[in-house]
Amino acid sequence: MDLGLVTFGDLHPGVSAEERMHNLLEEAKLADELGLKLFAVGEHHRPDYLVSSPTTALAAIAAVTKQIRLSSAVTVLSSDDPVRVFEQFAHVDLISGGRAEIMAGRGSFIESFPLFGYDLHDYDELFTEKLELLLAIRDNERVTWQGKHRAPLDDAGVWPRPVQDPLPIWVAVGGSPESVMRAAVLGLPLTLAIIGGQTARFRPFVDLYLHTWHETGQAGEPRVAINTHAFVAPSRREADATFADSYLAVMNRIGRERGWPPSGRAEYEALASPAGPLAIGSPEEVAEKIVSFHELFRPERYLAHISIGAVSHADVMRAVELFGTQVAPIVQSETAPGPTAAVETQAIAAS
């Protein structure tokens, strides 16, 4: 199982956007040096997150890294133009020597919709149509296409073309069965973000994806990635002292916007329990949690969202270093392919 990192580039008082951008590049360079497999940057259009243009940040990261794959997490495709998305990621792919990926999603935040003149009533329809166009552009140098929410294209050329052919496109979902099925029907890999609740509640989504993939006769093998919040320190006590307050502040800020009940230490402990999705603690404890994700979902990737809220850059860098040097070797050893893995996957698909 490959391990990688996700970040939204959180902003907080006392850290300027310029400093946070510098820190973001340092995090990516360290992840690359440690041999982690993916670095993914989110898209937001609000004051508490740095990156509104993932491709700009990824291009800068591409220029200072050598081997790590680079992705959005996510590109809010519903409120963007698929032509520009493809062109910009093609540039990242060219700069990086073929390391770019698009992780497309509908977006869990809605600020981009009014900002770019889209109606939230068209939330799902926009994503469906724009993903169709993005795939058409990926698969064809010249495109003829017509839809409802964008001007038609008549034998239009889209350049430059990326190094990779095809450019990888993943679909990111947070728990919508329709989105899971869409990814499978289109033959696209799936990233499942597990933020709250009990981890096992999300297993049916992976089952649905695998079942739909095989029922619709997709070529190749289905691909699944899992993303959760995580933090690593020398001990669980140190991890909690560094991470818990900042994490709860972020979750409660977002929760107030969405009408969720407030979260406190009891909710935090539930998320950090063996049944919850938060991977927190010493390297051994975090590795144990990630291995449990592997046993439950059999993903090919696990993506840790470490840099959250007002956790200091120094503490994030230490967590990333521990993740790469101590967590990763344990996870790799415990999740090395065995003779039963293929049999289990086939059984899930047939169920």
Side-chain angles (χ1 to χ4, degrees), residues 4-28 30-31 39-52 54 57 72-74 76 105 107-111 172 174 193-197 227-273 276-282 285-286 289 302-323 327:
L5 299 176
V6 171
T7 180
F8 292 167
D10 295 49
L11 288 168
H12 54 87
V15 177
S16 68
E18 180 182 11
E19 181 181 358
R20 186 65 187 90
M21 184 63 77
H22 178 76
N23 293 345
L24 178 67
L25 295 179
E26 286 195 343
E27 292 167 25
L30 178 59
F39 193 86
V41 179
E43 174 191 344
H44 296 89
H45 302 265
R46 43 187 291 143
D48 45 353
Y49 296 117
L50 174 69
V51 181
S52 60
S72 51
V74 301
V76 185
S108 62
F109 292 89
I110 61 174
E111 289 82 5
I194 306 175
I195 305 304
N227 165 216
T228 79
H229 293 143
F231 196 79
V232 198
S235 68
R236 171 64 191 273
R237 178 175 294 185
E238 290 178 78
D240 289 341
T242 304
F243 182 78
D245 289 345
S246 176
Y247 177 75
L248 286 170
V250 170
M251 298 303 286
N252 281 319
R253 185 180 70 238
I254 296 170
R256 285 191 296 271
E257 296 175 6
R258 301 182 180 185
W260 299 343
S263 293
R265 200 58 183 234
E267 288 75 17
Y268 175 84
E269 292 297 338
L271 291 170
S273 74
L278 176 59
I280 182 83
S282 68
E285 290 169 314
V286 171
K289 177 65 76 72
Y302 168 73
L303 307 177
H305 189 164
I306 287 176
S307 59
I308 298 173
V311 178
S312 75
H313 178 55
D315 288 328
V316 167
M317 292 290 279
R318 181 179 67 166
V320 171
E321 183 170 6
L322 290 171
F323 186 71
V327 175

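Small disclaimer: the values here were computed from a predicted structure and weren't measured. Position 1 is the first residue of the sequence, and the numbers go up from there.
- The pair Glu285-Lys289 does not meet the salt-bridge criterion, since no charged nitrogen lies less than 4.0 angstrom from a carboxylate oxygen.
- Residues passing the ring-ring contact (aromatic ring centres under 6.0 Å, His included) test with His45 are Phe116, sequence neighbours excluded.
- Residue Leu25 qualifies as enclosed at atom CG: its count of foreign heavy atoms under 6.0 Å is above 12.
- Between Val74 and Glu43 the shortest side-chain heavy-atom distance does not fall below 4.5 Å.
- Taking Tyr268 as the reference, nothing meets the ring-ring contact (aromatic ring centres under 6.0 Å, His included) condition, with sequence neighbours excluded.
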Would you please test Leu5 and Val320 for side chain to side chain contact (heavy atoms under 4.5 Å, CB included) and show each step?
CA-CA 8 Å; Leu5 299 176; Val320 171; 3.8 Å; yes
Could you please spell out the steps behind the side chain to side chain contact (heavy atoms under 4.5 Å, CB included) verdict for Met251 and Arg256?
CA-CA 9 Å; Met251 298 303 286; Arg256 285 191 296 271; over 6 Å; no
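- Side-chain contact annotation: Glu18 with His22, donor-acceptor N/O pair under 3.5 Å absent.
- There is a side-chain donor-acceptor pair under 3.5 Å between Glu26 and His313.
- The salt bridge (Lys or Arg N to Asp or Glu O under 4.0 Å) analysis of residues 307-321, with sequence neighbours excluded, yields the pairs Glu238-Arg318.
- With sequence neighbours excluded, the residues forming a salt bridge (Lys or Arg N to Asp or Glu O under 4.0 Å) with Arg253 are Asp48, listed by chain and number.
- Other residues, nucleotides and ligands contribute over 12 non-hydrogen atoms within 6.0 Å of the CZ atom of Arg265.
- Remark: Ala272 engages Arg236, Leu278, Ile280 in a side-chain contact (heavy atoms from CB on, under 4.5 Å) (not counting sequence neighbours).
- For the residue pair Ser307/Thr7, the side-chain donor-acceptor check at 3.5 Å is satisfied.
- For Phe243, the ring-ring contact (aromatic ring centres under 6.0 Å, His included) partners are Phe231, Tyr247, not counting sequence neighbours.
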